[in-house]
Structure formats: structure tokens, C-alpha cells
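Residues: numbered from 1 along the sequence shown.
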Amino acid sequence: MFFVLTNNKISIPFFLILISVNIIPIDYTVNSVYGQASFSGGQPIINVPNLKAEVVFQGLHNPTSMAFLGPNDILVLEKDQGTVQRITNGNMPAQPILSANVATEGERGMLGIAVAKHTATNGNTFVFLYYTENNGSDSPLGNRVYRYELVDNKLINPKLILNLPATPGPFHDGGKVLIGPDKNVYAIIGDLLYHRTQAQNVATRGLPDLTSGIIRVTQEGKPVPNSPIGNTYPLNLYYAYGIRNSFGMDFDPVTGKLWDTENGPNYGDEINLVEPGFNSGWAQVQGIWTPNGAIENENAGPLSLHPSNLVDFGGKGKYKVPEFIWFQTVAPTALKFLNSTKLGKQYQNDLFVGDYNNGNLYHFKLSQNRTALVLSGTLANKIAYTLQDSRPAILGSGFDGGITDLQVGPDGYLYVLTYAGSIYKIITSSSSTTTPS
């Protein structure tokens with residue numbers, strides 16, 4: 001390995017700084033999510049004797065995200081259909097509870113969902129949806145976050161919460177949305193492939209325009225006071241920036257801190273601890289390497305542990321090296337903390353991550369102060385250079401079509417959504433099973 005871990009920081013021998021990491025023999029996997037799955041398999045395999053994956057539902061069309069309304073009651077999004085399906089006790093009605101007009105090219109579509117109960121509205125349930133809205137023309141209207149009310153099994157009264165760009169694209173739309181411990185709405189968006197502004201750490205390309213960031217607003221769509229990087233629009237909507245693309249984020253149930261996964265080009269997939277004002281470094285650094293080459297064909301260039309050319313908005317933006325890096329791309333997607341003991345106390349509040357390229361489910365423990373991952377062996381330097389290196393972190397594999405979402409159900413178990421159209425539940429071997437649908 002090139003790097004060693006010293007006091008939780010990556011250090012390198014000086015003579016290796018001038019060596020390109022491309023000397024490592026690798027077979028790149030193009031990191032494009034929501035495309036053709038690159039593998040096939042049957043029943044997922046869990047690498048722990050007392051755990052197994054149980055089928056909850058099959059037959060969805062390219063699902064991207066899910067959210068629980070209650071026990072055995074799940075809302076699931078279908079990317080290209082623009083639909084919100086409701087699955088109750090393993091049954092899905094013939095008609096979705098919502099069908100929206102969405103653009104579908106590339107990574108556009110029906111992408112993210114979050115649910116919030118609201119006693120202030122007579123106990124109504126709010127459902128927040130992130131999708132690429134289309135009016136039937138070739139150009140999408142934008143990546144929109146709408147707040148709906150769930151009434152009598154219908155999503156009604158849409159209210160526009162966020163109006164985010166969708167062009168140039170059609171890739172790097174991000175799309176995950178969640179409700180934070182502060183009850184505010186967090187939505188993540190990438191760089192739309194070719195876009196460059198100060199949010200992508202290019203100082204000469206103008207102010208951020210709500211791309212490459214984690215965008216935060218109230219449930220009414222208003223700016224949250226005391227934004228970490230600025231108090232004027234659009235800076236007052238940014239919680240973090242410098243993000244190339246992401247399909248996963250979650251709050252640590254113990255500390256309340258936000259974590260995310262991020263997709264690199266041909267290298268450098270990341271897991272990050274996202275403090276307020278976090279700058280992930282794109283497009284000046286990915287993983288710990290400077291991008292080298294044209295857009296859509298970037299490769300890992302020189303090492304960049306302490307990049308000096310980043311936009312910091314007067315010192316308010318803070319860059320930090322990722323907590324974990326896959327040098328060979330796996331396309332990490334969902335990230336979820338298991339705030340439950342249902343799989344055993346040894347997994348309580350641990351971090352789980354899914355990937356799209358291989359259909360792997362990863363498991364990570366956190367350090368005592370929960371600001372880093374506990375890594376050892378081939379992962380002790382925070383980097384998996386090869387797919388073999390990451391094997392100690394793989395809890396399960398063979399999730400066909402790739403994993404697109406992870407959620408913890410009201411029953412405390414971990415649920416896995418795959419792009420091939422299945423929902424699985426990770427349970428203990430002694431748990432009772434449900435009847436597959």
C-alpha cells in the first residue's frame with residue numbers, strides 16, 4: 001500500500017508523491033448509476049452465519065428510493081415511470097398513488113423521497129419528492145423537490161420546496177432527500193456533469209447556482225437561518241458543496257452528524273463526514289487525487305492531500321479528506337445507520353452502505369467519538385485500492401441489479417432496495433419469515 005494511517009491522518013513517503021497512482025494495474029468500471037446492471041445473480045448472500053436476506057417484494061420497475069409510512073407500509077419510487085407505488089403487507093395495487101411527468105434520460109427521473117408526520121396539519125403526513133420534472137419537451141424544467149400531503153391514499157396539494165437546475169446533464173442529478181434531526185429538508189445534487197461554478201471550486205466561473213451541494217431548506221421551502229457558508233441567496237441554501245454526485249446520505253442517530261457517499265469518475269468513490277460548510281473538493285480533488293483529463297474521461301492525477309486551490313467563501317467552507325475511498329469505482333449509493341438492536345447489539349448504530357456496480361452491502365463500525373470509521377487490515381489506510389481490498393467490509397453480496405436504497409423499517413430491520421426491482425429485509429436466521437410477493 002502507498003499510504004499509512006498516522007493519528008487518523010493519511011501520510012505518505014515523500015518519494016511516492018511524484019508517482020502516479022495509475023501504475024496500479026486496474027480494470028476500471030465506468031461509474032454510471034441507473035444504467036445497465038453489470039452483473040446478475042440469484043438470492044443475495046450474507047457473509048455472517050446468523051444473518052440472511054429475505055424477499056419482501058419483487059416486481060418494481062427500476063426503483064430508486066423508498067420510505068416507510070408504517071409497519072409493512074412502504075412508498076417506493078420508480079425512476080422512468082415517474083411513479084410512487086405503495087406496498088402494504090406485501091401487496092401493491094395496480095395503480096400508483098402518484099404518477100408525475102418526469103425526464104428520464106441518464107440519471108434523471110423520480111429520484112428521492114422523505115416522509116414527515118405533521119401534527120400542525122391535523123396529523124397529515126407530508127411526503128417530499130425529488131424528481132426531474134418534464135413538460136413533454138426535450139429539455140427538463142428542473143430538478144424539483146415538492147411537498148405533498150398524503151390523504152386517502154393519494155398525494156395531493158403539491159408545494160414546490162426547491163427548484164434546482166437539471167441542465168446540462170443528463171447525469172449527476174443526485175436526488176436523495178431526507179428530513180434532518182432539525183426537521184429541515186436536505187436534498188443532494190451533483191454537478192450535472194459539465195457544470196462549473198464556485199460550488200465546483202472554480203473561482204472564476206461565478207457564484208454557486210444550487211448545483212454540487214447538499215441544499216437545506218425548511219419544510220416550507222424557506223432558507224434556514226445561519227447558513228454555514230453565507231447569508232445571501234444562493235449561499236444561504238447550501239449546507240455543503242464541492243460534490244461531484246451522490247446517491248446517499250444519513251444522519252448519525254447518536255451524534256446527529258451528517259454522512260454521505262459520493263461517486264468519482266473512473267476512481268475515487270468516497271464516504272464523508274459532512275460537517276456544516278463541508279467542501280468535498282470537486283472538481284479540484286476526488287478522493288485524494290487531482291482529476292486529470294477531459295470531463296467524462298477523468299483519471300486519477302497527482303496526489304492532493306492538502307489542495308490549495310479550493311473556494312472557501314472567506315474561510316467558511318472547510319475541506320476534509322474522505323473517511324473512506326474506493327480507488328476502483330463501485331458506485332456507492334445508499335448510506336444508512338442502523339438505529340436498532342434487531343440484528344444484534346453488535347450492529348447497533350453502525351453504518352451500512354450499498355453499491356450499484358457490484359450489488360454489495362458494506363458494514364462499517366465508527367470510532368469512539370464517531371468522527372471516523374474503524375478500519376484495519378487492507379483498509380487501515382482508509383483506501384481500498386482493489387475490489388479485493390474491500391472484502392473485509394462486505395456484509396452481503398449478490399443484490400441483483402445493484403442497491404439503490406437502504407432504510408430501517410419500523411420493525412428495526414434493515415431493508416435493501418435493488419434496481420432490478422426487489423426489496424429485501426436483513427434479518428437474523430432465527431427470525432420468522434414473511435411470504436414473498
Side-chain angles (χ1 to χ4, degrees), residues 64-67 69 75 77 79 82-84 97-103 107-135 140-151 154-167 169 173-190 192 199 208-241 243 246-251 258 260 274 276 405:
T64 55
S65 297
M66 61 181 172
L69 291 173
L75 296 182
L77 308 186
K79 175 185 176 295
T83 47
V84 181
I97 66 170
L98 181 76
S99 182
N101 194 2
V102 300
E107 291 167 345
R108 295 168 176 162
M110 182 66 77
L111 303 176
I113 183 171
V115 171
K117 303 283 187 178
H118 245 261
T119 56
T121 56
N122 299 318
N124 284 351
T125 296
F126 284 165
V127 176
F128 296 84
L129 298 177
Y130 182 129
Y131 57 88
T132 316
E133 191 169 14
N134 191 12
N135 63 359
L141 296 173
N143 283 308
R144 278 24 191 311
V145 178
Y146 283 99
R147 187 192 76 192
Y148 290 82
E149 292 180 50
L150 179 61
V151 179
K154 294 181 181 179
L155 293 177
I156 63 172
N157 300 330
K159 177 181 175 63
L160 183 62
I161 298 297
L162 268 175
N163 186 9
L164 306 176
T167 57
D173 295 84
K176 291 297 181 182
V177 59
L178 76 161
I179 309 299
D182 56 5
K183 307 302 181 185
N184 292 312
V185 180
Y186 292 74
I188 197 161
I189 185 170
L192 303 176
D209 60 355
L210 303 182
T211 58
S212 280
I214 297 175
I215 312 301
R216 179 181 63 171
V217 293
T218 70
Q219 294 189 25
E220 296 293 327
K222 305 296 184 182
V224 177
N226 302 315
S227 176
I229 67 169
N231 293 318
T232 59
Y233 181 86
L235 294 182
N236 61 346
L237 300 189
Y238 275 88
Y239 186 83
Y241 66 103
I243 295 168
S246 172
F247 299 92
M249 57 179 174
D250 194 26
F251 285 93
L258 183 63
D260 77 0
V274 183
D405 204 6

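Using a distance-only test at 3.5 Å, with no hydrogens or angles considered, a donor-acceptor pair links the side chain of N101 to the main chain of N134. Under a 3.5 Å cut-off, the side chain of T218 and the backbone N or O of K222 do form a donor-acceptor pair.
Under the side-chain contact (heavy atoms from CB on, under 4.5 Å) criterion, L141 pairs with E133, N135, R144, sequence neighbours left out. Evaluation of the side-chain contact (heavy atoms from CB on, under 4.5 Å) rule for A67 yields I113, V115 as partners, not counting sequence neighbours. Among residues two or more places apart in sequence or in another chain, the side-chain contact (heavy atoms from CB on, under 4.5 Å) test is passed with K159 by R147, I161, E220. S246 meets the side-chain hydrogen bond (donor to acceptor under 3.5 Å, both in side chains) test with no other residue; sequence neighbours excluded. By the side-chain hydrogen bond (donor to acceptor under 3.5 Å, both in side chains) test, T64 is found to be paired with no residue, residues two or more places apart in sequence or in another chain being considered.
With rounding to the nearest 0.5 Å, the separation of CD in E107 from CG in D173 is 6.5 Å. One distance of note links CG of N157 with CZ of F126; it measures 9.0 Å at 0.5 Å rounding. Annotation: the span from Y146 atom OH to N163 atom CG amounts to 7.5 Å, rounded to 0.5 Å. I214 CD1 to L258 CG: the interatomic distance, rounded to the nearest 0.5 Å, is 5.0 Å. The structure places CG of L98 at 10.5 Å from CG of L150, a figure rounded to the nearest 0.5 Å.
Inter-residue side-chain proximity for Y148 and P158 is flagged as met; some heavy-atom pair is nearer than 4.5 Å. Between L210 and L237 the shortest side-chain heavy-atom distance falls below 4.5 Å. Looking only at side-chain heavy atoms (C-beta outward), Y241 and P208 stay at 4.5 Å or farther from each other. Contact annotation: the side chain of P165 approaches that of L192 to within less than 4.5 Å [non-hydrogen atoms, C-beta and beyond]. With contacts defined as side-chain heavy-atom distances shorter than 4.5 Å, the pair S65/K79 does not qualify. A 4.5 Å side-chain heavy-atom check between L235 and S227 finds every atom pair outside the cut-off. Side-chain contact between I243 and M249: absent, with no pair of heavy atoms (C-beta onward) separated by less than 4.5 Å. Counting heavy atoms from C-beta outward, L164 and T211 have side chains that stay 4.5 Å or more apart.
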> Run the side chain to side chain contact (heavy atoms under 4.5 Å, CB included) check on F128 and Q219 step by step: do they pass?
Replying inline: CA-CA 9 Å; F128 296 84; Q219 294 189 25; 3.7 Å; yes
> Under the side chain to side chain contact (heavy atoms under 4.5 Å, CB included) criterion, do L129 and V127 qualify, and how do the steps go?
Replying inline: CA-CA 6 Å; L129 298 177; V127 176; 4.0 Å; yes
> Do I97 and K154 pass the side chain to side chain contact (heavy atoms under 4.5 Å, CB included) test, and can you show the C-alpha distance, the side-chain angles, and the key distance before you say yes or no?
Replying inline: CA-CA 5 Å; I97 66 170; K154 294 181 181 179; 5.8 Å; no
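The shortest heavy-atom contact between V102 and Y131 is CG1-CD1, 3.8 Å. Heavy-atom minimum distance, M110 versus A100: CE-CB, 3.9 Å. Closest non-hydrogen pair, G169 versus R108, comes out as CA-NH2, 4.0 Å. Between A166 and P140, the closest heavy-atom pair is CB-CG, 3.8 Å. Between Y239 and P276, the shortest heavy-atom contact is OH-CG, 3.2 Å.
By the 6.0 Å contact criterion, CG on N231 is enclosed, its count of non-hydrogen atoms from other residues, nucleotides or ligands being greater than 12.
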Distance-only donor-acceptor hits, side chain of residues 177-188, under 3.5 Å, sequence neighbours excluded:
from, atom 1, to, atom 2, distance (Å)
D182, OD1, N184, N, 3.0
D182, OD2, N184, ND2, 3.0
D182, OD2, Y186, OH, 2.7

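Under the 4.0 Å criterion applied to side-chain N and carboxylate O atoms, K176 and D405 are assigned as salt-bridge partners.
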